S.K.: 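Dumping the structure here so I can ask a few things about it.
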Number of protein chains: 2
Amino acid sequence: MRLTTKGRYAVTAMLDLAFHSDTKPVTLTDIAARQTISLSYLEQLFSRLRRANMVKGIRGPGGGYTLADTADKINIADIIAAVDEPIDATKCGGEANCQKEQACLTHDLWMGLSDQIRAYLKDITLAQLLEKHHVQTVAKRQDQDAEQVIEIHRHTELLSSLSE
Amino acid sequence: MRLTTKGRYAVTAMLDLAFHSDTKPVTLTDIAARQTISLSYLEQLFSRLRRANMVKGIRGPGGGYTLADTADKINIADIIAAVDEPIDATKCGGEANCQKEQACLTHDLWMGLSDQIRAYLKDITLAQLLEKHHVQTVAKRQDQDAEQVIEIHRHTELLSSLSE
DNA sequence: TACTTAACCCAGCAAAATAGTCAACTTTAA
DNA sequence: TTAAAGTTGACTATTTTGCTGGGTTAAGTA
């Protein structure tokens, strides 16, 4: 499992898609504009995402992309795996020839860690992220509202102190 | 937070160090040989690790590197952060100017996810990985031993069936 | 003191990954 | 049937990665 900007772009674009494709397909041009990712780069990414059955491409006017499944069925690990080349990362090619040697000691450790991260990301769905964001937005708005109230309160206090 | 081969090399090297530097300093030459990483690349990585106060360099004969702290105080996130260039990853530079626009919607989402991963890796220490590995090794050896027993058992069965 | 061993420092270089461009080619709504 | 909108692939520039080889400096050892 690797986490690079490429994977981030893919997840970001998929989030955008999940957020906007409820009614009609979303064009890559729109996503490119909203997320400031180059159209051509998006095309590359979605080519892979489509082949991995993460999205559906609809051609012709009014076309675009939609999620191939509901947002709660699409997890982050799969998105990243779809666009990232699976590097084997094993110097020994998974062969047992360096089993007893020191070389594979920490190598195994890293692979285990990598698996943990993969499992972790596999449990996070697009729907969860969207929901979380919604919560955050609401919370943020509430905070701002609260601050405004405080501000107003302070203001009236100031006024009343002046009028005394 | 990025997870690239560079970070993996760093974690692998640090694990090797944690595993071998109990008594005396470990030379980069040794790590290079054990983990099949080029010496010069290790020098680059350890230059950063040293500046980030993760390791201590001891010069001269008998010198090498040791962990700057105990293995249970060093976490994976810090190792990766030490060798990876911190990319800002924000197209808007963290400014509030695109707060209300669509552009920052999914951007915030990704940043949240990134924070989650960072927090996750921050909770994993070198000591934990070493312990886990130890358990794995023991478990694997036990499994192999068990298989051998089964194999012998099968073998004796075969022999006894032939002798009948 | 000379010698060795290692960390440290630096300039550069080849391969790979990233990000983007361009030009064809398909589909389909109007 | 035509033009808009999408797909596809080949091609290019830039950045990162991983590595090579040249040193210098500090600390032990003969």
Side-chain angles (χ1 to χ4, degrees), chain A residues 1-13 17 21 24-33 35-66 68 80-91, chain B residues 1-13 17 20-21 24-33 35-68 80 82-89 91:
Chain A
M1 172 90 353
R2 280 191 311 166
L3 274 186
T4 65
T5 49
K6 194 174 196 170
R8 192 177 67 223
Y9 277 138
V11 173
T12 302
L17 199 54
S21 72
K24 57 171 188 257
V26 178
T27 69
L28 291 189
T29 312
D30 285 355
I31 300 180
Q35 307 302 331
T36 52
I37 305 171
S38 94
L39 175 60
S40 319
Y41 198 42
L42 275 180
E43 282 170 353
Q44 277 186 43
L45 297 180
F46 273 76
S47 170
R48 286 169 182 268
L49 289 172
R50 192 179 57 80
R51 272 182 289 221
N53 279 329
M54 312 287 293
V55 296
K56 275 184 201 156
I58 298 144
R59 294 184 160 194
Y65 282 96
T66 57
I80 293 172
V83 296
D84 261 347
E85 227 79 25
I87 45 164
D88 64 343
T90 63
K91 294 261 176 177
Chain B
M1 173 92 348
R2 281 191 309 167
L3 272 187
T4 65
T5 48
K6 192 174 196 171
R8 192 177 67 221
Y9 275 138
V11 173
T12 301
L17 198 55
H20 293 96
S21 72
K24 56 170 186 249
V26 178
T27 69
L28 291 190
T29 311
D30 284 356
I31 300 180
Q35 307 302 331
T36 52
I37 306 171
S38 92
L39 176 59
S40 318
Y41 197 42
L42 274 180
E43 281 175 354
Q44 276 184 44
L45 297 179
F46 273 77
S47 170
R48 286 167 183 268
L49 289 171
R50 191 178 55 82
R51 272 181 288 224
N53 279 329
M54 313 285 295
V55 296
K56 275 184 202 157
I58 297 144
R59 293 184 162 193
Y65 282 95
T66 56
L67 297 181
I80 293 171
V83 296
D84 262 348
E85 226 78 24
I87 45 164
D88 61 346
K91 295 263 176 178

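Note: hydrogens, waters and symmetry copies are ignored here, and every other heavy atom, side chains too, is used. Residue numbers start from 1 in every chain, and the chains themselves are labelled A, B, ... in the order their sequence lines are given, proteins ahead of strands. This structure is a prediction, so every number in the text was calculated from the model and none was measured.
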S.K.: As a test of reading the structure: which of D/dT7, C/dA6, C/dC9 is closest to the side chain of B/E43, going by heavy atoms?
M.R.: C/dC9
S.K.: Just checking B/T4: base, sugar-phosphate only, or nothing, at a heavy-atom cut-off of under 4.0 Å?
M.R.: sugar-phosphate
S.K.: Treating B/S47 as the side-chain partner and B/E43 as the backbone partner, does any N or O pair qualify as donor plus acceptor under 3.5 Å?
M.R.: no
S.K.: Can you measure A/L42 atom CG to D/dT7 atom C1' for me and round it to whole angstrom units?
M.R.: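 Those two atoms, CG and C1', are 14 Å apart.
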S.K.: Over all strands shown, is B/T27 touching base, sugar-phosphate only, or nothing at heavy-atom distances under 4.0 angstrom?
M.R.: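 Touches sugar-phosphate only.
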S.K.: Select base, sugar-phosphate, or nothing to describe what A/L39 touches, counting heavy atoms under 4.0 Å on all strands.
M.R.: nothing
S.K.: Quick one: A/R48 CZ to C/dA17 P, roughly how many Å, whole number?
M.R.: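 That distance rounds to 10 Å.
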S.K.: Taking atom C1' of D/dT7 as reference, at what distance in whole Å does atom CG of A/L49 sit?
M.R.: 14 Å
S.K.: Grab the two heavy atoms, one from A/F46 and one from A/A13, that are nearest each other, plus how far apart they are.
M.R.: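 Closest pair (atom of A/F46, atom of A/A13, distance): CE1-CB, 3.7 Å.
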S.K.: Whether B/R50 contacts C/dA7 is assessed here as follows: a side-chain N or O lying under 4.0 Å from the phosphate OP1 or OP2. Is that the case?
M.R.: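 For B/R50, the contact criterion (side-chain N or O under 4.0 Å from OP1 or OP2 of C/dA7) is not met.
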S.K.: Ring-plane angle category for B/Y41 and B/Y9, please: parallel below 30°, perpendicular beyond 60°, tilted otherwise.
M.R.: perpendicular
S.K.: Starting at atom CZ of B/F46, determine the distance to atom P of C/dC9, rounded to an integer number of angstrom.
M.R.: 15 Å
S.K.: Whole angstroms only, please: what is the CD1-C1' distance between A/I58 and C/dT28?
M.R.: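 Atom-to-atom, A/I58 to C/dT28, this comes out as 12 Å.
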S.K.: How many whole angstroms separate atom OH of A/Y41 from atom C1' of D/dG9?
M.R.: 17 Å
S.K.: Which atoms form the tightest heavy-atom contact between A/L45 and A/K6, and what is the distance?
M.R.: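 In terms of heavy atoms, the two residues are closest at CD2-CG, 3.9 Å.
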S.K.: Does a side-chain N or O of A/S38 approach OP1 or OP2 of C/dG20 to a distance below 4.0 Å, or not?
M.R.: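 Affirmative; the distance criterion is met.
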S.K.: If each of B/R59 and A/P61 is mapped to the nucleotide of DNA chain C with the nearest heavy atom, which maps nearer the 5' terminus, i.e. the 5' end?
M.R.: B/R59
S.K.: When you match A/K56 and A/Q44 each to their closest nucleotide on DNA chain D, which lands nearer the 5' end?
M.R.: A/K56
S.K.: Quick one: label A/Y65 by what it contacts on the DNA or RNA (base, sugar-phosphate, nothing), any heavy atom closer than 4.0 Å.
M.R.: sugar-phosphate
S.K.: Nearest whole angstrom, please: distance from the P of C/dA17 to the CG of A/L3.
M.R.: 16 Å
S.K.: Can you work out whether A/R51 or A/G63 has the more 5'-proximal nearest nucleotide on DNA chain D?
M.R.: A/G63
S.K.: Closest approach to the side chain of B/K6, judged atom by atom: which nucleotide of D/dC19, D/dT17, C/dA19 is it?
M.R.: D/dT17
S.K.: Roughly how many Å is it from CG in A/L28 to C1' in C/dT27, rounded to a whole number?
M.R.: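 Answer to the nearest Å: 15 Å.
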S.K.: Of all the heavy-atom pairs spanning B/M54 and B/A82, show the shortest one and how long it is.
M.R.: CG-CB, 4.4 Å
S.K.: Considering just the side-chain nitrogens and oxygens of A/S47, establish if one lies under 4.0 Å of OP1 or OP2 belonging to D/dG9.
M.R.: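 The answer is no; no side-chain N or O of A/S47 sits under 4.0 Å from OP1 or OP2.
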S.K.: Roughly how far, to the nearest 0.5 Å, is the CZ atom of A/R8 from the CD1 atom of A/I80?
M.R.: 11.0 Å
S.K.: Between C/dA19, C/dT18, D/dT17, which one does the side chain of B/R2 approach most closely?
M.R.: D/dT17
